[in-house]
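Input: a single structure, listed below in C-alpha cells.
Sequence lines set the chain letters: A, B, ... in the order given, protein chains first and strands last, and positions in each chain run from 1.
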Protein chains: 2
Amino acid sequence: MPTIRDVARLARVSVPTVSGVLNGTRNVSKKTSLRVRTAIVALDYHPDQVARSLRSRRTQTIGFVIPDVTNPFFTDVLRGVEDTARQNGYSVILCNSNEDPVVERKRLAMLYSRRVDGVLIAPTDFRSVTERPLRRDFPLVYIDRIPPGFSGAAVVTDNLGAAYEATRYLISLGHRRLAIITGRLNISSGRDRLEGFRRALQEANLPLAEEHLRQGDFGLESGYLQTLELMGLKNPPTAIFSCNNKMTLGLMRALGELRIACPEQVSVFGFDDFEWAANFSPRLSTIAQPTYELGRLAMEMLIRRIQNTRPEGKDKDKDQDKDDKDVDQQQVITLKNELKPRDSTARFTQ
Amino acid sequence: MPTIRDVARLARVSVPTVSGVLNGTRNVSKKTSLRVRTAIVALDYHPDQVARSLRSRRTQTIGFVIPDVTNPFFTDVLRGVEDTARQNGYSVILCNSNEDPVVERKRLAMLYSRRVDGVLIAPTDFRSVTERPLRRDFPLVYIDRIPPGFSGAAVVTDNLGAAYEATRYLISLGHRRLAIITGRLNISSGRDRLEGFRRALQEANLPLAEEHLRQGDFGLESGYLQTLELMGLKNPPTAIFSCNNKMTLGLMRALGELRIACPEQVSVFGFDDFEWAANFSPRLSTIAQPTYELGRLAMEMLIRRIQNTRPEGKDKDKDQDKDDKDVDQQQVITLKNELKPRDSTARFTQ
DNA sequence: TTGAAAGCGCTACCAC
DNA sequence: GTGGTAGCGCTTTCAA
C-alpha cells in the first residue's frame, strides 16, 4: 500500500509538495506537478483518509441516526441524505436506533468516538440528545421530529397542517364518526398529527369519542390491533386516519381479515406515501411527505453548520463559537406536505 | 476535547498505561486502573477512533454497496448487515450505486481511501470488482449476486431453484401460456431466475413463446411497460412470473390501469416478499428470500475474512496471505428461498 | 507493573 | 517554488 512518501520518492520531490499537489494547496511548477501526478498513477496511490482526518480534524463523515431502516419513509429520506452527502464529499454512517433510546445513546457515543463531522437524527427520545456530551460535540440537525419547545437546527414537515387537511377532507366527504390511530406521542410528529386531526374535528363541531382515539406506536402491529378493536366497537368509525405508513399496513391487514371493504364500509387516510400505495387496490389516500427534499435540505443545513464550526484548535475561551454568523443555528425549516386523495376514501352515505 | 494525555496527566500515570487500561492489553495494578477509570469519567473522555485506526491499521468500518436503498429487499438485508456489524464492533458506510457501474467504481475507490476493513457488495457490474486495485485491497464478500464463473466469497440465495419451483407451481395450476419479466441478465440473480423458469417449462414440454419472454431491468417502470405489451398481445399469457419486487409493482399498476383482474384473468407470481405483499389485495404470491439471514451471514463471513487478513505490516513476499487457512476464501453460501403462494395465483380454467 | 520513545500517514508551519 | 520539521492521538516496542 503506497504512501505519500513513496510518491514523493518516486517523483523526487518532498512530501509536502505531493500533499500540495493533492490538495491544490500550494503553488507547484507545472513540471513538478506533472511528475507527481505521474508517480501517483504509477503507484496507484490513494491518500489515506484516516491519516488525513487525524491531521485535519475533519473526517468528512456524518452520522445518520434513524429509528427504522426498513421503513420506506426513512430510506427515501436516506437517499436524499446520501446523494447530498456524496456531492459534498461526505460519507454516511448509518445507525439504526430501532426506536430504542438506549441504543440511540450508544450510537451517538460511537459517532462521537469516530469524530464524525456532524449528525443527522430522527430522535426517539429527547434526553438522548439534550444531555451532555452529545449536544456540544458536533453539529446536530434534527430531521422529521423535534423536541417540545425546541430551538435549534431542524428540517421537518408540516405534520399538523397535513393532518388537519386530510381530516377536513374526510369530513367533507360526509364522515361524522372519525377515528385516529396515533403515532408515538412523545415525539413531535406523533403529537402534531393528532393535534391537526383534533383541530379539524373541533372546527366542524364533531366530537372525538374516547374510544375512537387509539394510541399506536408507528409499528405495523399497533395499526393492526387498534383497527381490530376499532371495528369491533358497537359504533365503529366510518373513517380512520392512520398516522404513518406501517400502521396503515397493519390497518389494511386487519380490514382484510375482517372482510371489511375499503372504502365501501370504511374510509382510510394514511400519513406517508410510498410506491405501493398507488399501485394496489384500493389505491390508498395518503399524505405524501417530500422525503427526498427533507433529506437533502437537512444535509445541506448540516454541511453549512459544519463549515461554520472551525475544527477545534487549541481551545481558547470556551464558547467562543457562540457568535458564529450561523443563521441556521436556530432555524427550523418546515416543508409542505401534499394530500393525495385516492380510492381508499369515499363519500359517506348512510 | 480531552485526549489520552489529559487522562494520563489527571491520573498521574503514563499514556501507555491509559491505553493499556482502555484496551485491556496491559497488566495494571488495581489501584492505578481505578485512578485511570476515574479520570476517564471525570473528563468524559472518549478515545479518538481516528487516531486509533491510523495506528492499528483497522478502522472497524465496512462498506456496504447496494444498487438501490429504496428497494425493501436491500434494506432488509441492510438490517441484517447492520445488526451483525454493530454486534462485532463495526460501523457500516452505506453506498448507493444506483445500478451504475461508474458510480460503483467511485464508491469502491472511496471506501479504499477510507481504509475500510472490508466490503460487502451487491454488484451491478463485474468489471468494477475484478479489476485492480479493488480486488486485492480489502476482503470482499459478494451478496445476492455473483459474477459468472465466480470463485470467491459470497452469500446468495437459490434463485434458480426458487424460480423453478414457482414456475412449476403455476404449471400445476393448469397454466400453459406463461410469461416472464426478467431482471437484468448481466448479473447472476437475473440470469438464474430466467433459467429456473425455462427449465420448469422445458420439463413440462411447454413452449416459451418469444413474445412471452420480456426483458426488464429490475426497475418499476420496466415491469409496467412489459406488462402493458404482454397483455396487449393477441395471445396474452395466463400467468406472469415477475423477477423482482419493483417490477411486480409496475406489473400490478399496469394490470390496474388495464382493468385486468388478478388472479381471475391473469395469475402473478413475484420474486421477493415484502410487508405489503401479504396485506393488500390481491395478496401476492411471492418468493420470500431470507433477507436478514443473507445480510447476517455475509457480514459474519466478511468478519472472518477480515480477521484472517493481518493488517498489512511491512509487506514481505507479496501474496504471502495465500496460505491463509481461510475456508471462506472460496466459499459460496446458497440460502434456500421460500415459496409463499397466496391470492394472486389461481387455477387456470379455460 | 510502569514509562520513554518511536511512528502510523498526513498537513501545516517554517525557512530558504 | 520547494524542503525540513513538527505533531494530530493513539498503540507498540523496549527498558527499567
Side-chain angles (χ1 to χ4, degrees), chain A residues 1-37 39-40 43-60 112-117 137 310-315, chain B residues 1-37 39-40 43-60 112-117 137 310-315:
Chain A
M1 200 147 52
T3 74
I4 198 172
R5 294 186 53 189
D6 300 321
V7 176
R9 198 148 37 209
L10 184 60
R12 283 171 300 118
V13 295
S14 73
V15 167
T17 299
V18 178
S19 175
V21 171
L22 282 169
N23 301 301
T25 180
R26 179 181 260 228
N27 280 347
V28 180
S29 76
K30 270 236 163 77
K31 240 180 51 184
T32 347
S33 171
L34 188 68
R35 274 220 315 286
V36 171
R37 284 174 207 292
I40 286 173
L43 292 172
D44 191 28
Y45 166 73
H46 295 254
D48 186 328
Q49 274 298 342
V50 176
R52 191 177 270 187
S53 296
L54 178 60
R55 189 58 242 240
S56 63
R57 323 297 298 140
R58 287 285 196 220
T59 53
Q60 298 294 99
Y112 175 55
S113 244
R114 289 183 177 270
R115 301 298 188 261
V116 294
D117 294 340
D137 288 315
R310 353 177 208 317
E312 176 169 309
K314 355 264 161 199
D315 22 344
Chain B
M1 200 149 51
T3 74
I4 198 170
R5 294 186 52 188
D6 300 321
V7 176
R9 199 148 36 209
L10 184 60
R12 283 173 298 120
V13 295
S14 72
V15 166
T17 299
V18 179
S19 174
V21 171
L22 281 169
N23 302 301
T25 178
R26 182 181 258 225
N27 282 349
V28 180
S29 77
K30 270 233 163 80
K31 241 179 47 184
T32 343
S33 171
L34 188 68
R35 274 220 314 288
V36 170
R37 283 173 208 292
I40 287 173
L43 293 171
D44 190 29
Y45 166 72
H46 294 254
D48 186 328
Q49 274 297 342
V50 176
R52 191 178 268 186
S53 295
L54 178 60
R55 189 58 237 242
S56 63
R57 323 296 300 137
R58 288 285 196 220
T59 53
Q60 298 295 102
Y112 175 55
S113 244
R114 289 184 177 271
R115 301 299 189 260
V116 294
D117 293 341
D137 288 316
R310 342 173 217 323
E312 177 171 308
K314 354 266 161 197
D315 23 345

Original post:
Can you find a side chain N or O atom of A:T17 that sits less than 4.0 Å from OP1 or OP2 on D:dT2?
Top reply: no
Q: Taking only the side-chain nitrogens and oxygens of B:N23, find out if one of them lies under 4.0 Å from OP1 or OP2 of D:dT11.
A: yes
On a heavy-atom basis, the closest approach of A:R115 and B:H46 is NH2-O, 2.9 Å
B:R55 CZ to D:dT11 C1', in whole Å, measures 5 Å
Assign each of B:S29 and A:T25 the nucleotide of DNA chain C bearing its closest heavy atom; nearer the 5' end lies the nucleotide of B:S29
Rounded to whole Å, CG of A:L22 lies from C1' of C:dA12 at a distance of 15 Å
With a 4.0 Å cutoff (strictly under), does any side-chain N or O of A:S14 reach OP1 or OP2 of D:dG3? yes
Closest of C:dT11, C:dA6, C:dG9 to the B:R57 side chain is C:dG9
For this session: Identify whether any heavy atom of B:V13 sits under 4.0 Å from a base atom; if not, whether one sits that close to sugar-phosphate; answer base, sugar-phosphate or nothing.
Result: sugar-phosphate
Remember a base hit wins even if backbone is also touched, and classify A:T32 as base, sugar-phosphate or nothing at under 4.0 Å, heavy atoms.
sugar-phosphate
On a heavy-atom basis, the closest approach of B:S19 and B:T25 is O-CG2, 4.1 Å
From CG of A:D48 across to P of C:dC10 the rounded distance in Å is 6 Å
Scanning both residues in full, the closest heavy-atom pair of B:V28 with B:S33 reads CG1-N, 3.6 Å
>> When you measure from the side-chain N and O atoms of A:S53 to the phosphate of D:dC8, is any distance below 4.0 Å, counting only OP1 and OP2?
In response: no
When rounded to whole Å, the CZ to P distance for the pair B:R5 and C:dG3 reads 14 Å
What one should report as the nearest heavy-atom pair of A:L22 and A:Y45 is CD1-CE2, 3.7 Å
A:R9 atom CZ is separated from D:dG3 atom C1', nearest whole Å, by 15 Å
Exercise. With a 4.5 Å limit on heavy-atom distance, are the side chains of B:N23 and B:R52 in contact?
Worked result: yes
Rounded to whole Å, the OH-C1' distance (A:Y45 to C:dG9) equals 7 Å
note: A:R52, atom CZ; C:dA12, atom C1'; distance rounded to Å ~ 14 Å
Among C:dT1, C:dG9, D:dT11, the one nearest any side-chain atom of B:I4 is D:dT11
Q. Taking N and O atoms by type only, does the side chain of B:R26 place a donor or acceptor under 3.5 Å from a partner on the base of C:dG3?
A. yes
Rounded to whole Å, the CZ-C1' distance (A:R58 to C:dC10) equals 17 Å
Looking only at C:dA4, D:dC8, C:dT11, the nucleotide nearest the A:L54 side chain is D:dC8
